[in-house]
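Some notes on the structure that comes next.
Order of listing sets the numbers, starting from 1, for every ligand and every atom in it. Numbering of residues begins at 1 and proceeds along the displayed sequence.
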Amino acid sequence: MTTLADRLKDADLLKTDSFINGQWVGADTRFAVNSPGDRSHLADVADVGGAGARSAIDAADKAFKGWGKTSVFERARIVQRWHDLILEHADDLGTLITAEMGKPFGEAKGEVTYGAGFVNWSAEEAKRLHGETLQTPFPGTRGWTVRQPVGVVVCITPWNFPSAMITRKCGPALAAGCSVVVKPAPETPLSALALAELARRAGFPDGVFNVICGDAKAIGEVMTSSDAVRMVGFTGSTEVGKLLMRQAADGVKRVSLELGGNAPFIIMDDADLDAAADGVIASKFRAAGQTCVSANRIIAQAGIADALIERVTERMKKLKVGSGFESGVQIGPLIHDEAVERVDALVQDAKGKGAKVLVGGSPMADELGGSFYAPTLIESGSNFSLSIANSEIFGPVASVYRVESEEEIIRLANSTPYGLAAYVYTRDIGRVHRLSEGLEFGMVGVNAPMVGSPATPFGGVKESGIGREGGKWGVEEFTELKFVLLGGVNK
Ligand code: SIN
């Protein structure tokens with residue numbers, strides 16, 4: 001039987017203990033990590049719990065005192081080395097992602113490269129954290145601003161991007177001079193621990209970068225109640241984000257939250273329908289629909305709805321579902337069986353309330369031996385009260401709605417507490433402006449199905465979060481702006 005270690009070129013990247021203060025730390029209690037693709041057991045990972053969280057935060061607090069004062073050029077060199085090692089080991093990191101999360105290997109490797117881009121960008125960008133000199137109203141004074149690292153940052157990261165959501169937070173945090181404690185999702189700790197091993201090899205001083213695994217409640221409580229922690233970065237559900245925000249409020253900690261979405265994917269009647277159909281497939285089926293920016297409500301202007309559905313159906317019928325390690329597979333499993341049940345419940349509810357299932361519509365676990373769901377296309381008419389229109393689907397289910405007017409499209413698209421990403425396909429320049437301005441979302445892709453990149457701001461409004469990751473904004477997020485007033489300048 002091939003083990004996960006056998007699949008790796010560098011088996012030393014397979015770690016099962018937490019990384020605290022430059023040491024691998026085990027625990028008596030361990031939790032199992034299983035592969036959603038074939039239900040095989042991958043590893044037993046140490047649960048270091050609240051005590052581990054306390055040691056990691058203490059270590060990060062001590063390390064910050066030196067790291068925060070290191071020259072940014074020195075920090076950038078180490079951060080850049082981490083980036084280079086990540087790319088050098090992209091095959092192994094991709095293998096770990098596919099094994100523990102399920103996404104197809106090519107896509108997993110793409111995630112590694114995407115995530116590494118944030119590390120590289122941050123190493124460069126931190127050198128440009130400039131202050132300003134200011135005019136002051138008081139005679140004989142001068143004023144200026146400086147940007148300083150926030151301090152100890154905790155990053156709580158999700159399973160859908162087990163690698164990129166760590167690098168997107170930690171690259172800028174580390175480059176800005178913060179020390180970091182990462183708590184990965186229990187489903188996908190192996191990618192996080194491999195990144196810790198690469199950080200060790202890159203040469204971060206002990207305590208600057210820590211990864212701890214285990215009980216979310218125990219660790220989360222320590223992280224949000226510790227006085228040493230100055231910032232909580234989180235990607236995950238809106239429900240957990242609200243809880244963390246409440247817990248962080250007592251210590252008035254800074255929060256950066258990238259939460260749930262309910263993305264409208266709007267196709268206007270003047271759109272290039274082939275490009276729009278390609279866009280639907282790209283946005284909807286990446287990570288089997290398990291992304292926060294995935295097309296959740298496909299809103300077609302009524303006149304082109306049939307033509308769009310025909311094109312999407314044609315493309316969906318060609319999608320290959322299976323193990324992420326199998327060549328040619330485009331859709332891997334969902335993260336676990338409960339996810340399959342949740343997605344199926346949404347589909348059955350929509351069907352029961354009159355929506356038509358045009359493609360798929362059922363689990364594929366029995367045929368494929370893992371947590372699989374068939375790529376599914378639903379025609380939901382104009383019924384925006386369905387649960388599927390109001391929940392984050394997080395699965396390979398495309399639900400199409402027909403709406404007549406532009407005004408109604410904007411109103412319906414905005415009728416959600418979420419505001420992460422929205423997409424619009426149109427060739428009318430007036431519509432580009434009206435829609436991109438009218439949509440209450442943090443990111444709008446116009447004739448573009450993907451919005452994230454190392455150079456651009458990623459984040460939401462309303463209940464989709466606070467703060468931005470990526471670009472100069474993603475680095476600034478990990479700094480405090482300090483004002484200095486100097487008096488007694490005049491003789
Ligand atoms: C997410 O789903 O949380 C991230 C998606 C992305 O970076 O594109």
Are Phe384 and Val403 close enough that some pair of their side-chain heavy atoms sits under 4.5 Å apart? yes
Below 3.5 angstrom, do we get any N/O pair linking Glu258 and ligand 1? yes
One finds that the ligand 1 atoms under 4.0 Å from a non-hydrogen atom of Thr291 are 2 (O)
Determine whether Thr188 and Asn160 make a side-chain contact, defined as any pair of heavy atoms from C-beta on separated by less than 4.5 Å. no
Side-chain heavy-atom pair Ser256, Met231 within 4.5 angstrom cut-off: yes
At under 4.0 Å between heavy atoms, which part of Asn160 makes contact with ligand 1: side chain, backbone, both or neither? side chain
Is there a heavy atom in Gly452 that sits closer than 4.0 Å to ligand 1? no
At under 4.0 Å between heavy atoms, which part of Met450 makes contact with ligand 1: side chain, backbone, both or neither? neither
Does Met443 approach ligand 1 within less than 4.0 angstrom via side chain, backbone, both or neither, non-hydrogen atoms only? neither
Heavy-atom nearest neighbour of atom 5 (C) of ligand 1 within options Gln290, Arg168, Glu111, Arg286: Arg286
Looking only at protein heavy atoms, which one is nearest to atom 7 (O) of ligand 1, and what is the separation? Tyr114 OH, 2.7 Å
Are Asn210 and Phe19 side-chain neighbours, meaning at least one heavy-atom pair lies under 4.5 Å? no
For the side-chain hydrogen bond (donor to acceptor under 3.5 Å, both in side chains) test, which of Arg147, Arg254, Arg230 pairs with Glu480? Arg254
Identity and distance of the protein heavy atom lying nearest atom 2 (O) of ligand 1: Cys292 N, 2.7 Å
Per-atom contacts, ligand 1 versus Phe458 - under 4.0 Å to a heavy atom: 4 (C), 5 (C), 6 (C), 7 (O), 8 (O)
Decide yes or no for Asn390 and Thr416: does some side-chain heavy atom of the first lie under 4.5 Å from some side-chain heavy atom of the second? no
So do the side chains of Thr235 and Glu469 get within less than 4.5 Å of each other, counting heavy atoms only? yes
What do you reckon, is NZ of Lys317 surrounded by more than 12 foreign heavy atoms closer than 6.0 Å? no
Just which atoms of ligand 1 are under 4.0 Å from any heavy atom in Met165? 4 (C), 7 (O)
